[in-house]
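First up is the structure itself, then whatever we jot down about it.
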Amino acid sequence: MPAYLDHAASTPMRPEAIEAMLPWLRDHHANPSGAHRPARQARRAVDEARDDVAEALGADPGEIVFTGGGTEADNLAVLGGHDRRGGMLVASAIEHPAVLEPVRSRAGRIVGVDAQGLIDLDALDTALDPEVTLVSVMLANNEVGTVQPLDEVADHVRRLAPAATLHTDAVQAMGWLDVVAASAPADLVSISAHKVGGPKGMGALAVRRGTPLAPRQLGGGQERDRRGGTLDVAGIVALATALRLTVEHRTATVARVGVLRDRLATGLLAAVPDAIETAAPDGDRSRLTAGICHLCIPGIESEALLFLLEQGEVYASAGSSCASGAMEPSPVLAAMGVRRELAFGSLRLSLGWCSTADDVDRALEVIPPAVARLRRFARRPAVAAATASPA
Ligand code: PLP
């Protein structure tokens, strides 16, 4: 059985979410903005879905803006606020590019993190002043799984940048944390459907009442003038279904998958003793989401390892799906101070709502011999070079 261990990149759709969206693809075609009965029916489905999404985020239904994914939600939060108010933007150095790039595009300030990926609160204080209009700090990191202390961040922001809104990217948190509680101090919260068993290209931004936000997409006034464009009824209904199930089963999933992740990490560290558990070098995983096992393996290159793993039907990634394939080591690892040579040997194994013990067994069977093979291979030219007689 193949082992899919790249759930942080995208997790399989929940069958119930597929079922929920099918009638809206097959049987109903009306535009929910219309006035006739089929249109009103579509609007009712969107309204019900909006209620569910709002509940999953601890927001009011009127505070939910549906978007075309997590990237759009992040862009809307960061740039939509800036378009309205200007001012200085601040983000942590390990944000997803969907936040970092917009912040950089407005010459914002980037705040460093420690070796575990936790935001440096002293550096945050230095970045904050009354000119700051938005601070963006993710709830859970997509690459190494670190969970940020958002309450503490919010305290610092309220004290030193009282006019700033607080945005949190909860895309990777939704499956693993009580996001209602964890995101309570935030004014803007982004989520993405395909990380929780919904379809790709669907997301939402919760915009707490009174938060300044200009639309990025102008059009027919949909989403209370915050995001123009015909609503994707099928995607919205599927997002709501996936979120409902995610929240309903979250405690059980975290417990079950956490055990699998721990067995995976412990097993790999036993088989490859010099590997480093990147965000938990001392073995303390209490600040990580339950689904991520991120290792840095000395003496190998991720791309070569991923190639061998694929041959063994283990599907993983070197880091975030956006960074993999690039020749530069991941910016997240660089921000955490991981040495460049070590960062080249990074491996992210991410589990999801439907991961099984078989996935872990297969990974434990395939990964250690693949690492050993690469190391043997890497040593060979050095031996040859050492034994070659000088010309
Ligand atoms: N934010 C985080 C933390 C993510 O992990 C991702 C996706 O990898 C995104 C935002 C972007 O979401 P989407 O793929 O829906 O655009």
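Heavy atoms only: backbone and side chains are in, while hydrogens, waters and symmetry mates are out. For this chain, numbers begin at 1 and follow the sequence in order. Both counts, for ligands and for their atoms, begin at 1 and track the order of listing.
- In the displayed structure, Glu310 atom CD is contacted under 6.0 Å by at most 12 heavy atoms of other residues, nucleotides or ligands.
- Side-chain atoms of Thr133 never come within 3.5 Å of backbone atoms of Ala163 as a donor-acceptor pair (strictly under, hydrogens ignored).
- Near Thr71, meaning under 4.0 Å from one of its heavy atoms, ligand 1 places the atoms 11 (C), 12 (O), 13 (P), 16 (O).
- In this structure a side-chain-to-backbone donor-acceptor pair under 3.5 Å is present from Thr246 to Val196.
- Counting atoms of ligand 1 from 1 in the listed order, those under 4.0 Å from a heavy atom of Met138 are 3 (C).
- Between the side chains of Gln172 and Thr289, no donor-acceptor pair is found at a separation under 3.5 Å.
- Near Gly69, the atoms of ligand 1 lying under 4.0 angstrom from a non-hydrogen atom of the residue are 15 (O).
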Item checked: Derivation of the side-chain hydrogen bond (donor to acceptor under 3.5 Å, both in side chains) call for Asp284 and Ser286 -> CA-CA 6 Å; Asp284 176 7; Ser286 60; 2.7 Å; yes
Check: Under the salt bridge (charged side-chain N to carboxylate O under 4.0 Å, His left out) criterion, do Arg14 and Glu16 qualify, and how do the steps go?
Finding: CA-CA 5 Å; Arg14 292 175 182 268; Glu16 298 90 336; 5.7 Å; no
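- For ligand 1, the atoms sitting less than 4.0 Å from at least one non-hydrogen atom of Asp74 are 1 (N), 10 (C), numbered in the order shown with element in parentheses.
- Neither the backbone nor the side chain of Lys200 comes within contact range of ligand 1; no heavy atom lies under 4.0 Å.
- By heavy-atom distance, the residue among Asn141, Asn75, Asp169 lying nearest atom 10 (C) of ligand 1 is Asp169.
- Remark: side-chain polar atoms of Ser330 are paired, donor with acceptor, to backbone N or O of Val332 under 3.5 angstrom.
- Taking every heavy atom of His194 and a limit of under 4.0 angstrom, the matching atoms of ligand 1 come to 13 (P), 14 (O), 15 (O).
- Contact atoms of ligand 1 toward Gln172: 3 (C), 4 (C), 5 (O) (distance under 4.0 Å to a heavy atom of the residue).
- The option with the heavy atom closest to atom 12 (O) of ligand 1, from among Gly203, Gly70, Gly198, is Gly70.
- Using a 4.0 Å cut-off between heavy atoms, Val99 makes no contact with ligand 1 at all.
- Residue Met202 places no heavy atom under 4.0 Å from ligand 1.
- More than 12 heavy-atom neighbours from other residues, nucleotides or ligands sit within 6.0 angstrom of CZ on Arg158.
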